[in-house]
Engineer: 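Got a structure here, written out as structure tokens. Questions coming.
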Amino acid sequence: YILGKMEKQQYPPRVTGNMRQEVMRFEQLRAQFQFLNENGISTEADMTAFVETAEAKINVLTKQRTILNVQKKKRQPLFQALAEEEALAPAKRLYDQGQRGMEAEAQQYMDAVKLLDSCGESREVLSQQQSELYTKLADLNRELRQVRKQIKMCEEIRTQTAAMQENIREIEAPERQRQSRRRERT
């Protein structure tokens, strides 16, 4: 550095708190504009129609999720037995080798195996059903979150629209007065 072989490191200018807030506000407005543009919303009626459609979609998705949760609840003992069988297999081996203190775990393992054997479905099918059910539930929950986020964005836009219109009126009022004074002079 002293010999001039290395350049002095240049830092970006410091961002003040107000500037950071304004940048965040700008990003929020940009996201809202993009949302409105992507969904073809240009009037209050369009916004209302979009929100109504989104709420109907939430109702449909919630019904689907309820059905899946009922299915999950019905199959839960089998899914639990499947997990216990896998988790307690080492304890059962130790019990079979004569290890003391593993009686409860071995009995739990045997109960799980008995339940799985009596259900009439293979363990692979049960495992596949469990993974499909949980994947569908996760997808539905993700979609519900996204639709709720869109509705929240619409509500934020509605509240900010009124404030923006008031700000525009405040800015335009003095300008109109200046223009009317200019007209009176001429």
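Along the sequence shown, residues are numbered consecutively beginning with 1.
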Engineer: For the atom pair CD1 (I58) and OG1 (T53), what is the distance rounded to the nearest 0.5 Å?
Structural biologist: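 Here the interatomic distance stands at 11.5 Å.
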Engineer: Of all heavy-atom pairs between A54 and V147, which one has the smallest distance, and what is that distance?
Structural biologist: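 Of all heavy-atom pairs spanning A54 and V147, the closest is O-CG1, 3.5 Å.
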Engineer: Donor-acceptor pair, distance only, cut-off 3.5 Å: does the side chain of S127 make one with the backbone of R123?
Structural biologist: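 Judged by distance alone, no pair lies under 3.5 Å.
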Engineer: Same hydrophobic cluster for M110 and L78, using side-chain heavy-atom links shorter than 4.5 Å among ILVMFWY?
Structural biologist: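 M110 does not cluster with L78.
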Engineer: Donor-acceptor pair, distance only, cut-off 3.5 Å: does the side chain of N37 make one with the backbone of F33?
Structural biologist: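 Looks like no, no N/O pair under 3.5 Å.
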Engineer: side-chain contact (heavy atoms from CB on, under 4.5 Å) between C119 and L126: does it pass, once the steps are laid out?
Structural biologist: CA-CA 10 Å; C119 79; L126 283 174; 3.9 Å; yes
Engineer: Can you give me the closest heavy-atom contact between A112 and A81, atom names plus distance?
Structural biologist: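 Scanning both residues completely, I find the closest heavy atoms to be CB-O, 3.5 Å.
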Engineer: Assess the residue pair L36 and M47 against the criterion (side-chain contact (heavy atoms from CB on, under 4.5 Å)); give the C-alpha distance rounded to whole Å, side-chain angles, the decisive distance to 0.1 Å, and a yes or no.
Structural biologist: CA-CA 9 Å; L36 292 172; M47 178 81 73; 3.9 Å; yes
Engineer: Only distances under 3.5 Å count here; give the side-chain donor-acceptor pairs of residues 96-108 to other protein atoms, sequence neighbours excluded, each with its distance to 0.1 Å.
Structural biologist:
residue, atom, partner, partner atom, Å
D96, OD1, K92, NZ, 2.8
D96, OD2, K92, NZ, 3.4
E103, OE1, G101, N, 3.3
Q107, NE2, D111, OD1, 2.9
Q108, NE2, E84, OE2, 3.3

Engineer: I157 and I41: side-chain contact (heavy atoms from CB on, under 4.5 Å), yes or no, with the steps?
Structural biologist: CA-CA 11 Å; I157 291 170; I41 299 172; over 6 Å; no
Engineer: Would you mind checking if R75 and E121 are paired as a salt bridge, meaning a charged N to carboxylate O distance below 4.0 Å?
Structural biologist: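 Yes, charged N to carboxylate O under 4.0 Å.
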Engineer: What residues form a side-chain hydrogen bond (donor to acceptor under 3.5 Å, both in side chains) with N59, not counting sequence neighbours?
Structural biologist: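 side-chain hydrogen bond (donor to acceptor under 3.5 Å, both in side chains) list for N59, sorted by chain: empty.
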Engineer: Is L68 close to R65 at the side-chain level, that is, under 4.5 Å between some pair of heavy atoms?
Structural biologist: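 R65 does not reach L68 side chain to side chain.
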Engineer: More than 12 foreign heavy atoms under 6.0 Å from CE of M19: is that the case here?
Structural biologist: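 Counting neighbours around CE of M19, 12 or fewer heavy atoms of other residues, nucleotides or ligands fall under 6.0 Å, so no.
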Engineer: Taking only residues two or more places apart in sequence or in another chain, which ones pass side-chain hydrogen bond (donor to acceptor under 3.5 Å, both in side chains) with Q21?
Structural biologist: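 Not a single residue meets the side-chain hydrogen bond (donor to acceptor under 3.5 Å, both in side chains) criterion with Q21.
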Engineer: Can we say R30 and E27 salt-bridge, meaning some charged N sits less than 4.0 Å from an Asp/Glu carboxylate O?
Structural biologist: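 Yes.
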Engineer: For R158, which residues count as a side-chain hydrogen bond (donor to acceptor under 3.5 Å, both in side chains) partner, sequence neighbours excluded?
Structural biologist: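 Result, side-chain hydrogen bond (donor to acceptor under 3.5 Å, both in side chains) vs R158: E44, T48.
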Engineer: Mind checking whether T159 and E155 have side chains closer than 4.5 Å, heavy atoms only?
Structural biologist: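 A side-chain contact under 4.5 Å is absent here.
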Engineer: For E85 and Y109, which heavy atoms make the closest approach, and how far apart are they?
Structural biologist: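 The answer is O-CE1, 3.3 Å.
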Engineer: Step by step, work out the side-chain contact (heavy atoms from CB on, under 4.5 Å) result for M164 and L29.
Structural biologist: CA-CA 12 Å; M164 285 180 169; L29 289 173; 3.4 Å; yes
Engineer: With sequence neighbours left out, what residues match K136 under side-chain hydrogen bond (donor to acceptor under 3.5 Å, both in side chains)?
Structural biologist: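 Applying side-chain hydrogen bond (donor to acceptor under 3.5 Å, both in side chains) to K136 gives none.
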Engineer: Between V23 and R20, is any pair of side-chain heavy atoms under 4.5 Å apart?
Structural biologist: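 No - every pair of side-chain heavy atoms lies 4.5 Å or more apart.
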Engineer: Listed by chain and number, what are the side-chain contact (heavy atoms from CB on, under 4.5 Å) partners of E166, not counting sequence neighbours?
Structural biologist: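 R169, E170.
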Engineer: Quick one: is the NZ or CZ of K72 closer than 6.0 Å to the six-membered ring centre of F79, and within 45° of its axis?
Structural biologist: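 So K72 doesn't make the cation-pi contact.
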Engineer: Looking at CD of Q32 and SG of C154, how far apart are the two atoms once the value is rounded to the nearest 0.5 Å?
Structural biologist: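 Interatomic distance, Q32 CD to C154 SG, rounded to 0.5 Å: 9.5 Å.
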Engineer: Please give me the minimum heavy-atom distance between D46 and G40, naming the atom from each residue.
Structural biologist: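 Scanning both residues, the minimum pair turns out to be OD2-O, 3.7 Å.
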Engineer: Measuring from T66:OG1 to L61:CG, what's the distance to the nearest 0.5 Å?
Structural biologist: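 That separation rounds to 10.5 Å.
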Engineer: Do the side-chain N and O atoms of E124 and Q128 include a donor-acceptor pair separated by under 3.5 angstrom?
Structural biologist: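 Their side chains do not contain a donor-acceptor pair, so the 3.5 Å distance test is not met.
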Engineer: Could you state the interatomic distance from NZ (K74) to CD (Q76), rounded to the nearest 0.5 Å?
Structural biologist: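 The NZ atom of K74 sits 14.0 Å away from the CD atom of Q76.
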Engineer: Are L140 and L133 connected in a single hydrophobic cluster, I mean Ile/Leu/Val/Met/Phe/Trp/Tyr linked by side-chain heavy atoms less than 4.5 Å apart?
Structural biologist: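 L133 clusters together with L140.
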Engineer: Heavy-atom distance under 4.5 Å between the side chains of E55 and V51, does that happen here?
Structural biologist: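 Heavy-atom side-chain distance check passes, below 4.5 Å.
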Engineer: Any side-chain donor-acceptor pair under 3.5 Å between E156 and Q160?
Structural biologist: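 Result is no, nothing qualifies.
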Engineer: Following the transitive rule for hydrophobic clusters with a side-chain heavy-atom cut-off under 4.5 Å over Ile, Leu, Val, Met, Phe, Trp and Tyr, establish whether I151 and F35 coincide in one cluster.
Structural biologist: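 Shared cluster, no.
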